[in-house]
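Notes for the one structure printed next.
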Number of protein chains: 2
Amino acid sequence: MEVKINSDQQQKIARYAKALGHPVRVYVLQLLGKQSCCYSGDLSDELPIAKSTLSQHLKELKDAGLIQGEIEAPRIKYCVNKENWAEAQELFKNFLKID
Amino acid sequence: MEVKINSDQQQKIARYAKALGHPVRVYVLQLLGKQSCCYSGDLSDELPIAKSTLSQHLKELKDAGLIQGEIEAPRIKYCVNKENWAEAQELFKNFLKID
DNA sequence: CAAATCGTTCGTATTTCAGCGAACAATAAA
DNA sequence: TTTATTGTTCGCTGAAATACGAACGATTTG
């Protein structure tokens, strides 16, 4: 099957990959994979970056569709977006030819 | 097992992900996965970007370690770097929890 | 030897990224 | 009502990314 230039699949892979293109965002996702959810404030306490910077990273992951936040005022609980996570799994599995 | 901040694994995933963060680079890798190797000039003919831009993209993939180029003067034959490709497969498989 | 071909590098312009501190807004707590 | 807590947004800075055309260098071709 022919590989198409600038296909939807390529754009999606690139979009998800861009979101993973920073170790802090990879860490956040690994943490969520391990403990199912977390709070921004807790992350802020652990990570050696300003909370505004963390906020920007979380926004990037949200914009990519990989996480979602649920308000538990005054805090926000973040968790993985299962649907898009499954899509990313499938895309990278096919792209990287895993198994 | 505890998730470590800024681990080697996170940095590697982020590095490979950054290389995949553009649809043209994803296309190139898909093409190489399908036909094993290709020439820069051929890519340049197919893709709607300047050849200097393509050269930059190929350099980025080389710098990330995903492809390598073999000189067949005056052309260059590009192919996937199998060793690093296998590493990327393993990293993303574990990270995305594929199977 | 000159011309052609191929691919890289440079410089430029623009956009995006990643960091920060300060200010802001929403909510809870006192 | 005031204060505290939480997280976002803004503006800034500097670096990186993405695009290009022009110029360059290495090799092949005529």
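Convention: sequence-line order gives letters A, B, ...; per-chain numbering from 1.
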inquiry  = For A:Thr53 and A:Pro74, find the nucleotide of DNA chain D closest to each by heavy atoms; which residue's nucleotide sits nearer the 5' end?
reply    =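 With A:Thr53 and A:Pro74 compared, the 5'-side residue is A:Pro74.
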Rounded to the nearest Å, what distance is computed from the [atom1] atom of residue [X] to the [atom2] atom of nucleotide [N]?
{"X": "A:Glu70", "N": "D:dT6", "atom1": "CD", "atom2": "C1'", "value": "16 Å"}
{"X": "A:Ile76", "N": "D:dT9", "atom1": "CD1", "atom2": "C1'", "value": "13 Å"}
{"X": "A:Leu47", "N": "C:dC20", "atom1": "CG", "atom2": "C1'", "value": "16 Å"}
{"X": "A:Leu58", "N": "C:dG19", "atom1": "CG", "atom2": "C1'", "value": "15 Å"}
{"X": "A:Ile71", "N": "C:dA25", "atom1": "CD1", "atom2": "P", "value": "16 Å"}
{"X": "B:Gln11", "N": "C:dA18", "atom1": "CD", "atom2": "P", "value": "13 Å"}
{"X": "B:Gln56", "N": "C:dT12", "atom1": "CD", "atom2": "P", "value": "15 Å"}
{"X": "A:Leu61", "N": "C:dC17", "atom1": "CG", "atom2": "C1'", "value": "14 Å"}

request  = Using a heavy-atom cut-off of under 4.0 Å over every strand shown, decide if B:Ile49 touches base, sugar-phosphate, or nothing.
outcome  =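 Result for B:Ile49 = sugar-phosphate.
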query = Base, sugar-phosphate alone, or nothing: which one does A:Glu60 contact when heavy atoms must sit under 4.0 Å apart?
reply =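 Since no nucleic acid heavy atom lies under 4.0 Å of A:Glu60, the category is nothing.
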Quick one: which of [options] gets closest to the side chain of [X]?
{"X": "A:Ser55", "options": "D:dT9, C:dC20, C:dT8", "value": "D:dT9"}
{"X": "A:Arg75", "options": "D:dG7, C:dC6, D:dT9", "value": "D:dG7"}
{"X": "A:Lys59", "options": "D:dT9, C:dG21, C:dT8", "value": "D:dT9"}
{"X": "A:Arg25", "options": "D:dG7, C:dT9, C:dA18", "value": "C:dA18"}

Side chain [X], main chain [Y], donor-acceptor under 3.5 Å:
{"X": "B:Gln35", "Y": "B:Leu32", "result": "no"}
{"X": "B:Gln89", "Y": "A:Lys97", "result": "yes"}
{"X": "B:Arg25", "Y": "B:His57", "result": "no"}

task = In plain terms, say whether A:Arg15 and A:Glu87 are close enough for a salt bridge, that is, a side-chain N and a carboxylate O under 4.0 Å apart.
result =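 Result for this pair is no, no salt bridge flagged.
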message = Tell me whether the rings of B:Phe92 and A:Phe92 are parallel (<30°), tilted (30 to 60°) or perpendicular (>60°).
response =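 Aromatic pair B:Phe92/A:Phe92 classed parallel.
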query = More 5' along DNA chain C: A:Lys18 or A:Lys51, using each one's nearest nucleotide?
reply =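 Looking at DNA chain C, the more 5' nearest nucleotide goes with A:Lys18.
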ask   = Side-chain N or O of A:His57 less than 4.0 angstrom from OP1 or OP2 on C:dC17?
value =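 Checking A:His57 against C:dC17: no side-chain N or O falls below 4.0 Å of OP1 or OP2.
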